[in-house]
2 protein chains.
Amino acid sequence: MDPSISSIFNPKSIAVVGASKTPGKIGYEILSNILGYGYGGKVYPVNPTANEILGLKCYPKVSSIPGGVDMVVISVPAKSVLDVVEDAGNAGAKVAVVISSGFKEVGNVALEEELVRKARSYGMRVLGPNIFGVVYTPARLNASFGPRNVIPGGIAFITQSGALGIALMGMTIVERIGVSSIISVGNKADVDDADLLQFLADDPSTKVVLIYLEGVNDGRRFIKVASEVITKKPVVVIKAGRTEVGAKAVASHTGSLAGNVVVYKVAFNQAGILAAHNVEEAFDISRTFANLPFPTNEKLVVVTNGGGAGVLVTDTLAEYGITLTNPPQSLVEQVRKLVPPFASLANPIDVTGMISNEGYVNSLLAALNNPEVGAVLGVYCQTAVTDPTMIAGMLISKVKEMGGLNKPLAIALIGGEETYMAIKRLNDFGIPTFPMPERAATSIASMYNYLRMRESVISRLKELS
Amino acid sequence: MDPSISSIFNPKSIAVVGASKTPGKIGYEILSNILGYGYGGKVYPVNPTANEILGLKCYPKVSSIPGGVDMVVISVPAKSVLDVVEDAGNAGAKVAVVISSGFKEVGNVALEEELVRKARSYGMRVLGPNIFGVVYTPARLNASFGPRNVIPGGIAFITQSGALGIALMGMTIVERIGVSSIISVGNKADVDDADLLQFLADDPSTKVVLIYLEGVNDGRRFIKVASEVITKKPVVVIKAGRTEVGAKAVASHTGSLAGNVVVYKVAFNQAGILAAHNVEEAFDISRTFANLPFPTNEKLVVVTNGGGAGVLVTDTLAEYGITLTNPPQSLVEQVRKLVPPFASLANPIDVTGMISNEGYVNSLLAALNNPEVGAVLGVYCQTAVTDPTMIAGMLISKVKEMGGLNKPLAIALIGGEETYMAIKRLNDFGIPTFPMPERAATSIASMYNYLRMRESVISRLKELS
């Protein structure tokens, strides 16, 4: 891997070219986010018309910064970008994060090619152009003009779409989804998904990579790298243009080809990539991978206080290829003591709507602590005799006592206002919790599907080597 | 239709048998909800051990209430229910809402059959047993032990599951989903989905019927009635037990048969029933039908400020059978004046991330007001240059000026905290708005699918007659 790629995530110093004193301007917002989110390295505003911006000494150009910089964030009109790159190259910068638009996406193909040629001639890599920036939470780096206070966590989110990416960045904060990284790749003139995947594969803060993908320049390399990465951690892709008309819309949007719809499907499957059906599912799955250990065996047990909700998750699991089988006898014996006599001790285990807070939480814990159980799916319908806030609190303190989860636990909490608060609390703690039964089921099913795909990719890679 | 069925929705008077002074007890909660939600008819607590409950005179039995009652809500132990029914029958009650459990669901089949036989011998119908009650917002009737302040609206929700139903009742309040009715049908010993559908078909407050269904006693009648109803309004079904393993889980849950999985699929399709993939989709679709007029023609136009989000809805629409075609030329000419020169005036119309609040709202309005457009899907990604709160406010006041929508408009608003507030505001106003692009696309696609199915059902019914 090119060592310059790691400067995208862990730059020792950053110059913001086109830095501005005017709130609302991109050159202000990026500088302000870098400072406000707590980046620890050196930061240099660059703007020939200012002496000081946001309390920092301002430099006329990158090459006038004493000691040089690692990362140059460029937010100047397209026609000036090449001069900045040349100057930054002379100053020894390792990576140019080109925010500026006005390149290939508006037909300026030659300008974009020249940008990359020039940067590479100095050994510099280019992220972008036409992007909103880059975030890497382990380094407290938010070099973007998106929302500032992203939540640190295990998802690396790579996005080819700017507007959607920045909007989803805001969504992650509301939905309490933690990220290790958010990388806007825009036109992918130089650095592409494969380059980033190679870094993220070995990044200990990243548990899962989530990619919003319209098309790739080098499909063969993408699939090769992705299949290597998924032997280490899951890769979830939202493929835009996965239908024929969608693919045409991609062409009209970016001028690039979305590629053959069928080829993508086959290639993703072969590479072991999890293709999400939609954005919500992509983040649900990714949050689950980011927070949970992998299933310890094939036996998934569902614990529900509502028979109907239990049936719905059974259906969804079946639709995702997971068939529930009887719970271990040892678990049945334990749970029998916790539940009303008319409870159903099949799988789902229906502890009934009469169960108390303690009874529900203890049934979940019995499943979690049973060595024959590989993963647990909790389904809870708010009832008059239980309190979702109490259940969340009790569960969190018990899991803390256990020293954390040693197998996956995903939860569906269905109900009113208190339920929604309990969902936030559990998600903040790191137990993936959803307001709909099927979303929890899909998330836990994806863990099993990932393990299956990983196994088949590993054995195929062995055959090839 | 049996006129007693309408007493479930519009009783002139209600007796609550098993009424209690103790908060938390079902007999207290139901009485308290009936009074607190604003029911306008006469209400009589019945309990031989009390003189007064919640400020109302309490009667020892139903037959001691002067002038009799329409509806008797029964919350006493199963073994006493038959005596209450006999007494209520003698007093001329029209419908018994049997909250009590302890019947067929625990194996007491004979007791349940006797309950129905006895009630029918007095010309009385039975809702339940084993239910949480009934809500009908046009009558300000909340005779349930669920949450009190359900939001009036156009969805009638029939649920075979108690725990899930009551939890979803809470969900509707948080998600600002308005209902005309919520009917817990439980064991369906007597009144079933078909009976309720016949009433709801002609209920002007009900725009769509949403059913959580595990199984039906008389499949032929259900399908016959449903296909008649869908000529008047859509019927959306969440079918629990739609996979083989799910069907087995239904059997273990209720003791009833979920029926043959394939037969259901075929029958639903023939009847024109919209089979939801999951609970979230069911409510998304239903909210859309409840609030919007039907498409006026085949031309669906998407207006987006984010190319990527536009591609995702294009894919989802295609997956639901809707192919976008070019926007009308007259609309292209109008929108051209509102958007940056590099905007894409295909379908989706990509007004670009540079668009202002006014520009976005005016583009939506141009599509809404264009007579060649049959339906509009708005997709908006929160950007630095726009404000979702402003967009929601401007759109609401413009639609008010127009005197409401004369064609469907569903919206996806993607972003952070302000976006989520704007979503609530638009939903409160009656424009179905979602935080994910695919959810909005699915909702609008379902309208077209309903119209197609309705057409084929109508022509088949004509052939048969």
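Worth knowing before you read on, the calculation uses all heavy atoms, side chains too, and leaves out hydrogens, waters and symmetry mates. Proteins get letters first, then strands, A, B, ... in listed order; numbering begins at 1 in each. The shown structure was predicted, so the numbers you read here are calculated from the model rather than taken from an experiment.
For A:P435, no part lies under 4.5 angstrom from a heavy atom of chain B. Within the 4.5 angstrom heavy-atom criterion, no atom of A:E418 approaches chain B. Using a 4.5 Å cut-off between heavy atoms, B:E244 does not touch chain A at all. With a threshold of 4.5 angstrom between heavy atoms, A:N347 does not approach chain B through any atom at all. The contact between A:I238 and chain B is made entirely by side chain atoms (from C-beta outward), counting heavy-atom distances below 4.5 Å. With a 4.5 Å cut-off on non-hydrogen atoms, B:E280 touches chain A through its backbone and its side chain both.
With rounding to the nearest 0.5 Å, the separation of NZ in A:K239 from CG in B:L312 is 10.0 Å. A:E319 CD to B:H277 NE2: the interatomic distance, rounded to the nearest 0.5 Å, is 8.0 Å. Taken to the nearest 0.5 Å, the OG1 atom of A:T323 stands 9.0 Å off from the NZ atom of B:K248. For the atom pair OH (B:Y420) and CD1 (A:I173), the distance works out to 11.0 Å, reported to the nearest 0.5 Å. Atom CE of A:M436 and atom CZ of B:F283 lie 7.0 Å apart (nearest 0.5 Å).
Contact annotation: the side chain of A:R242 approaches that of B:T316 to within less than 4.5 Å [non-hydrogen atoms, C-beta and beyond]. At least one side-chain heavy atom of B:I414 sits under 4.5 Å from a side-chain heavy atom of A:L164.
Annotation: B:M354, atom CE; neighbour count of heavy atoms from other residues, nucleotides and ligands within 6.0 Å does not exceed 12.
Here the closest heavy-atom approach between residue B:A167 and residue A:Q382 is recorded as CB-N, 3.7 Å. Taking all atoms of both residues into account, the shortest heavy-atom contact from A:C381 to B:A163 is CB-O, 3.5 Å. Shortest non-hydrogen contact noted between A:V311 and B:G241 is CG1-N, 3.3 Å.
Your options are B:T243, B:D315, B:V174, and the one with the most heavy-atom pairs under 4.5 Å with chain A is B:D315. Ranked by heavy-atom pairs under 4.5 Å with chain A, the list B:T419, B:V245, B:V279 is led by B:V279.
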